[in-house]
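Convention: sequence-line order gives letters A, B, ...; per-chain numbering from 1.
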Number of protein chains: 2
Amino acid sequence: MVSFQSDPAHVDRAFFALSNATRRGMTEMLLREGEKPMRELARPFGISLPGAMKHIGVLQEAGIVSCRRQGRENLCSVDAGALQTAAGWFEFHARFWSVSFERLGKVLAEKKKK
Amino acid sequence: MVSFQSDPAHVDRAFFALSNATRRGMTEMLLREGEKPMRELARPFGISLPGAMKHIGVLQEAGIVSCRRQGRENLCSVDAGALQTAAGWFEFHARFWSVSFERLGKVLAEKKKK
DNA sequence: TCATAAGTTAACCGAATGGTTAGCTTTCAA
DNA sequence: TTGAAAGCTAACCATTCGGTTAACTTATGA
């Protein structure tokens, strides 16, 4: 029996990181707008800087975000590879829920045309 | 700007439910083997029945699992529709990480052939 | 009919979450 | 050179998680 290959703890962290609307919002912002300093990630969500740092820390541990220090700013960006780990879970299990499989395939096919 | 449509709290619950290896294991077992009573979901993970019930409760609140009482058994099964909600997050955001988009598309295309 | 199996509920526990404020260091720019 | 901006760390707090045991209800089958 083939099973989904990937360190379970890593999958845990990826899904957990995405289970919070603020962290998903930060991830989406970084995907859309690219590299951002900490304080700009905190502002739109109305949380303190230490609060934002904790969220970014969770995303970093999940391998979804990485940061680099530049001067007094800490610039964060998305590492898409780690998102694939989580997406991979759905890829693999899609075989069991063909309805969703059809839909996933259709949506992706449409995007490919554009 | 188009954004990912779905109640954020619902997406939260779906990702959170999948962020635990035991809950993913239960989900996978139900996908593979179909309907199972509570106690059979508890056994392979070496946890107590109340422990398993809590996990199933989380999966139910996320809409991933539903249960029906039959005699003294409580039979659980996967509701694939709710998994689509979480998969949909990746579907939508795949546009921003074209590498993963390519990969997702390729994997799904292969499955389609079979 | 009655012991037992399956499930539920409640209470408990330590650890982790998600947020804060206060105080520190580092860097920039006037 | 020095004040302010950006970030980091630590401490704190209420709540939730993930698990347990104990006690209860309901259904089964000998």
Side-chain angles (χ1 to χ4, degrees), chain A residues 7-30 33-77 86, chain B residues 7-30 33-77 86:
Chain A
D7 175 20
H10 187 245
V11 182
D12 282 13
R13 285 192 293 271
F15 277 123
F16 178 76
L18 295 173
S19 75
N20 176 283
T22 297
R23 283 193 295 268
R24 277 198 312 283
M26 289 176 168
T27 304
E28 289 168 12
M29 179 186 290
L30 292 174
E33 306 171 22
E35 224 172 28
K36 292 271 173 223
M38 279 292 177
R39 112 204 82 91
E40 287 192 29
L41 288 166
R43 191 166 21 87
F45 301 100
I47 57 176
S48 63
L49 206 48
M53 285 177 59
K54 283 194 186 179
H55 282 304
I56 292 296
V58 171
L59 289 165
Q60 275 181 303
E61 278 179 20
I64 290 173
V65 161
S66 59
C67 303
R68 64 187 181 92
R69 195 67 188 263
Q70 192 179 49
R72 63 180 153 178
E73 290 188 328
N74 196 359
L75 299 172
C76 306
S77 56
Chain B
D7 175 19
H10 187 243
V11 182
D12 282 13
R13 285 192 292 270
F15 276 124
F16 179 76
L18 295 174
S19 74
N20 177 283
T22 298
R23 284 192 295 268
R24 276 199 313 282
M26 289 175 167
T27 305
E28 289 168 10
M29 179 187 290
L30 293 174
E33 305 171 24
E35 223 172 29
K36 292 270 173 222
M38 279 292 176
R39 110 202 84 90
E40 287 192 28
L41 288 166
R43 191 166 22 85
F45 301 100
I47 57 176
S48 64
L49 207 49
M53 284 179 60
K54 284 194 186 182
H55 282 305
I56 292 297
V58 171
L59 288 165
Q60 276 180 304
E61 278 178 21
I64 291 173
V65 160
S66 59
C67 303
R68 67 188 179 92
R69 197 66 188 261
Q70 190 178 51
R72 63 181 155 179
E73 291 189 329
N74 195 0
L75 299 172
C76 307
S77 56

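Residues passing the salt bridge (charged side-chain N to carboxylate O under 4.0 Å, His left out) test with B:Glu35 are B:Arg68, sequence neighbours excluded.
Between the CG atom of A:Leu75 and the P atom of D:dC8 there is a distance of 11 Å, rounded to whole Å. Protein atom NZ of A:Lys36 is 14 Å distant from nucleotide atom P of D:dA6, rounded to whole Å. Note: CG (A:Leu59) to P (C:dT17) measures 13 Å, nearest angstrom. Atom C1' of nucleotide D:dA27 and atom CG of B:Asn74 are separated by 13 Å, given to the nearest angstrom. The separation between B:Ile47 atom CD1 and C:dG7 atom C1' is 14 Å, rounded to whole Å. Between the CE atom of A:Met53 and the C1' atom of C:dT26 there is a distance of 13 Å, given to the nearest Å. For the pair A:Glu40 CD and D:dG7 P, the interatomic distance rounds to 9 Å; values are reported in whole Å. Following rounding to the nearest Å, B:Asp12 (CG) and D:dC17 (C1') show an atom-to-atom distance of 16 Å.
Here the nucleotide nearest the side chain of A:Lys54, chosen from D:dG18, C:dT8, C:dG19, is C:dG19. In the set D:dG7, C:dG7, C:dT20, C:dG7 carries the atom at the smallest distance from any side-chain atom of B:Arg39. Nearest to the side chain of A:His55, among C:dG18, C:dG7, D:dG18, sits C:dG18. In this structure, the nucleotide among D:dC12, C:dA6, C:dA10 sitting nearest to the side chain of B:Pro50 is C:dA10. If you check D:dC8, C:dG7, D:dG18 against the side chain of B:Leu49, the one that comes closest is C:dG7. Between D:dT20, D:dG18, D:dG7, one nucleotide has an atom nearer to the side chain of B:Asn20 than all others, and that is D:dG18.
Among the atoms of the strands shown, only primed sugar atoms or phosphate atoms (P, OP1, OP2) are found under 4.0 Å from some heavy atom of A:Pro37. Base contact: B:Gly51 has a heavy atom under 4.0 Å from a base atom. If you check every strand for non-hydrogen atoms under 4.0 Å, A:Phe16 touches sugar and phosphate atoms only.
Two residues, A:Ser48 and A:Arg69, neighbour DNA chain C, and the one matched to the more 5' nucleotide by heavy-atom proximity is A:Ser48. Nearest-nucleotide positions on DNA chain C place A:Arg23 closer to the 5' end than the other of A:Gly71 and A:Arg23.
No donor-acceptor pair closer than 3.5 Å links the side chain of B:Asn74 to the backbone N or O of B:Met38.
For B:Arg72 against C:dA5, a side-chain-to-base donor-acceptor contact under 3.5 Å is present.
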(request) Any chance you could lay out the side-chain contact (heavy atoms from CB on, under 4.5 Å) test for B:Arg24 and B:Glu28, step after step, and finish with the verdict? (result) CA-CA 6 Å; B:Arg24 276 199 313 282; B:Glu28 289 168 10; 4.2 Å; yes
(message) Apply side-chain contact (heavy atoms from CB on, under 4.5 Å) to residues A:Val58 and A:Arg13 and explain how you reach the verdict.
(response) CA-CA 8 Å; A:Val58 171; A:Arg13 285 192 293 271; over 6 Å; no
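Note that B:Arg23 lies outside the cation-pi zone of A:Phe15, set by a 6.0 Å cut-off to the ring centre and a 45° limit from the axis.
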